[in-house]
Amino acid sequence: MKMEEKSLSGLNETKLEALVDEIYCDLVEDACLGLSFEVHRAVKQGHFFLDDTDQESMKEFEIVDQPGVDVFGQVYNQWKNKECECPNCKRCIAASRFAPHLEKCLGMGRNSSRIANRRLANNNNLNKSESDQEDNDDLNDNDWSYGAEKKAKKRKAEKVYIGYIWVYKNLQNSPRRSKSLKHKNGELSGSTNTEPYKYSYSVGINYETLGPQELRSLLTTQCGVISEHTKKMCTRSQRCPQHTDQQRRSVRVFLLGPSGLPSLPSVDAVARGNGYNIAGGQTLLNRLQWEDPSENSTMDSVASNSSGSNPSDPRRPKKKRPSSTAYSSAVPGDAVQRGSGCQTSAGSSSAGSSTSSTSQGNISFSNKTKRPKQLPAASMGSVYDEFN
Amino acid sequence: MSQDPRMRATINQKLTEMGERERLKELLRAKLTECGWKDQMKAHCKEVIKEKGLEHVTVEDLVVEITPKGRALVPDSVKKELLQRIRSFLAQHAT
C-alpha cells in the first residue's frame, strides 16, 4: 500500500487524467456492448422491427405544430359557432346548447319533468283564485308545500329545512324522487315508495289528473283534503292532524259526490265509540304544539284536548281521531256549540257529554296565554301543595 | 513508470470492489437513455441490420458497427459528469 501511495502521489496529472479516461472508455464500451446484445436478441427473437410502420402512416400521424391547432391538427372551438335545426321545434340552436335544448324540447331527461310539473302547479295556483275563506286560512297555514312561494325561492334549492327535518319541495308524482327522503328523520315514514301516489312527506297530489276510481281508492287511504295553497290533496293518513274530518268529508263530497262518503273511515268508526281519552297523551301533545295564544281566547273547549275538537279556527288540524266527524269546524270560537256539536255527532253523545264536562273543567287553562305550559304547571302546583 | 500497470490494476480492483463501477455503469446507462442516445443507436442498428440482412446478423457485426459511433455520440454533458465522478473517486480512494 505504501508503494501504491507513493506511486500515486508521484503521478502527474496527465497520467491521472489518462487513467480517468480509460475508466470512462471502459464504461462507455460496456454500455455499447449491452445495447448490441439487446438489439441482437430482439432481432433473433423477431420483435425488433415490430414498432415500425410504413412511411405513409408515419406522415399521417405526425405531430402537428401549427398555431391555432392542437397536436392532432384539430381546431379548438370548431363547433362553437355552428347551429343546428331542432327536429322538434324547428328552431336554430347553437351546437353546444343543442343537447340540453333537445332534452327539454322532447320532454325527456331528468329536469324536464320537474320543470313541467312546476309549471303546472304554478298555473293551477294562478288559475284557481276562488278562495274559501276558512279553507284558505286552514290550508295556508298547515300545508308544507308552498305553492305560490315556489317561485320566490331559488329554483335550484329544492330542499327546505322546516322545523327540524329536511323536506324536499316541488316533488310531485315521481317515485324516484323518494330517494331524496333519506335525510328525513323518523317523523315521516320510510323513503321507499312503491305506489306513485303515496308519499311520506306532506306534499299533495293534484286531484285533477286522477280518475274517479283512483280518487276513490286514494280517498279511502289518505286524508285528501285539498289545500287552498297548492290545490293539491293532502297525502297524509286519514287521521292527519292538519285537517278535520269535516274537511275530509267535504272534499269527498266535492270529488266523488254524495256517495263518496264511504271513503271516509270515520263513517265506519261510528260504532267504535271514539275513545275520547280525557288525557290522550298524543292528542294532548299535538294540541299543545299547535295552539296559539290567539286561539285560546276564542275557544273554551280548546283545552278539551281529549275530545280532540278543533282548538280554534286558524289551527284547525291536529286531530288524531277520525271519529269526530261533526266537530262543527265551520264555526270557530264557540265552545258551547262545540260541546253540543260533539253531543250530536253520531254515536258520540256519551263521550261528548264527558267532553263538555272536561271542557268546563279545563276552561281556566284555556284562557291563559301560554297554554302549553299551563297544564304541567298546574300539576306541579298540586304536587307542591301536597308537600306543603 | 513501472508502477503504472500495478497501480491501475489496484485502482480498478478497488473500483469494482466498492461497487462504484456498477454505480457508474448504471448512471451512464440512465443518462444515455435520457438524452436519446439509445434511440439514436437503435436507429443505426436498424440500418446495419437492413444492410446485413435480418437473418445473418451477428453480435460481432453489431458491436463492430455500433461502438465507434456510440462513443462519438455520447453528449458532452454526460461525458463530463462521468469523468468528474471518476476523478473524485480516485481522489478519494487513491491517495
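All values reported here derive from a predicted model rather than from experimental measurement. A, B, ... follow the sequence lines: proteins, then strands. Residue 1 opens every chain.
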Colleague: Could you tell me whether B:His56 atom NE2 has more than 12 heavy atoms of other residues or ligands within 6.0 Å of it?
Modeller: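 Not more than 12 within 6.0 Å, no.
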
Colleague: How many angstroms lie between atom CG of B:Leu24 and atom CG of A:Asp26, to the nearest 0.5 angstrom?
Modeller: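 If I round to the nearest 0.5 Å, the distance is 11.5 Å.
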
Colleague: Against chain A, label B:Arg87 side chain, backbone, both or neither, depending on which of its atoms sit under 4.5 Å from a heavy atom there.
Modeller: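 When you check distances to chain A, atoms from both the backbone and side chain of B:Arg87 fall under 4.5 Å.
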
Colleague: Please classify the contact of B:Arg85 with chain A as side chain, backbone, both or neither, using a heavy-atom distance under 4.5 Å.
Modeller: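 When you check distances to chain A, no heavy atom of B:Arg85 falls under 4.5 Å.
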
Colleague: NE2/A:His40 to CD1/B:Ile66 distance, rounded to the nearest 0.5 angstrom?
Modeller: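 A:His40 NE2 to B:Ile66 CD1: 11.0 Å, rounded to 0.5 Å.
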
Colleague: Report the distance from atom CG of A:Leu19 to atom CD1 of B:Ile11, rounding to the nearest 0.5 Å.
Modeller: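 Atom-to-atom, A:Leu19:CG and B:Ile11:CD1 are 5.0 Å apart.
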
Colleague: Which atoms of A:Leu35 are under 4.5 Å from chain B, going by heavy atoms: the side chain, the backbone, both sets, or neither?
Modeller: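 A:Leu35 touches chain B through side-chain heavy atoms alone.
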
Colleague: What are the two closest heavy atoms between B:Lys42 and A:Phe48, and how far apart are they?
Modeller: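 Reported closest heavy-atom pair: O-CZ, 4.0 Å.
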
Colleague: Between the main-chain N or O of B:Glu55 and the side-chain N or O of A:Lys44, is there a donor-acceptor pair closer than 3.5 Å?
Modeller: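 Yes, A:Lys44 side chain to B:Glu55 backbone: donor-acceptor pair under 3.5 Å.
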
Colleague: Given that the side chain runs from C-beta out, which part of B:Leu54 has a heavy atom under 4.5 Å from chain A: side chain, backbone, both or neither?
Modeller: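 Contact with chain A involves both backbone and side-chain atoms of B:Leu54.
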
Colleague: Show your reasoning for whether side chain to side chain contact (heavy atoms under 4.5 Å, CB included) applies to A:Val39 and B:Val48.
Modeller: CA-CA 11 Å; A:Val39 169; B:Val48 170; over 6 Å; no

Colleague: I need the B:Glu81 CD to A:Tyr24 OH distance, nearest 0.5 Å.
Modeller: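 B:Glu81 atom CD to A:Tyr24 atom OH measures 11.0 Å (nearest 0.5 Å).
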
Colleague: Looking at every non-hydrogen atom in both residues, tell me the closest pair between B:Gly70 and A:Cys32 and how far apart they are.
Modeller: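 Between these two residues, the closest heavy atoms are CA-SG, 4.1 Å.
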
Colleague: Checking heavy atoms, do the side chain of B:Val57, its backbone, both or neither come under 4.5 Å from chain A?
Modeller: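 Both backbone and side chain.
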
Colleague: Under 4.5 Å heavy-atom distance to chain A, tell me which part of B:Asp61 shows up: side chain, backbone, both or neither.
Modeller: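 For B:Asp61, there is no contact with chain A at all, as no heavy atom is under 4.5 Å.
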
Colleague: Need one label for B:Lys79: side chain, backbone, both or neither, based on atoms under 4.5 Å from any heavy atom in chain A.
Modeller: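 It is both, since atoms from each part get that close.
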
Colleague: For each of B:Lys25, B:Arg71, B:Glu65, B:Lys46, tally heavy-atom pairs with chain A at distances under 4.5 Å, and name the one with the top tally.
Modeller: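 Most heavy-atom pairs under 4.5 Å with chain A: B:Lys46.
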
Colleague: If you count the non-hydrogen atoms of other residues, nucleotides and ligands that lie under 6.0 Å from CG in A:Leu50, is the total more than 12?
Modeller: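 Yes.
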
Colleague: Provide the closest heavy-atom pair for A:Ser36 versus B:Leu62 in the form atom of the first, atom of the second, distance.
Modeller: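 For A:Ser36 versus B:Leu62, the nearest heavy atoms are O-CD1, 3.8 Å.
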
Colleague: Quick one: pull up CE in B:Met41 and CD in A:Glu38 and give me the separation to the nearest 0.5 Å.
Modeller: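 So the gap between those two atoms works out to 12.0 Å.
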
Colleague: Taking it one step at a time, do A:Ile23 and B:Asn12 satisfy side chain to side chain contact (heavy atoms under 4.5 Å, CB included)?
Modeller: CA-CA 8 Å; A:Ile23 295 172; B:Asn12 282 330; 4.1 Å; yes

Colleague: Closest approach of A:Asp30 and B:Arg29, non-hydrogen atoms and distance?
Modeller: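 Minimum heavy-atom contact is O-NH2, 4.0 Å.
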
Colleague: What part of B:Leu83 lies closer than 4.5 angstrom to a heavy atom of chain A: side chain, backbone, both or neither?
Modeller: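 Both backbone and side chain.
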
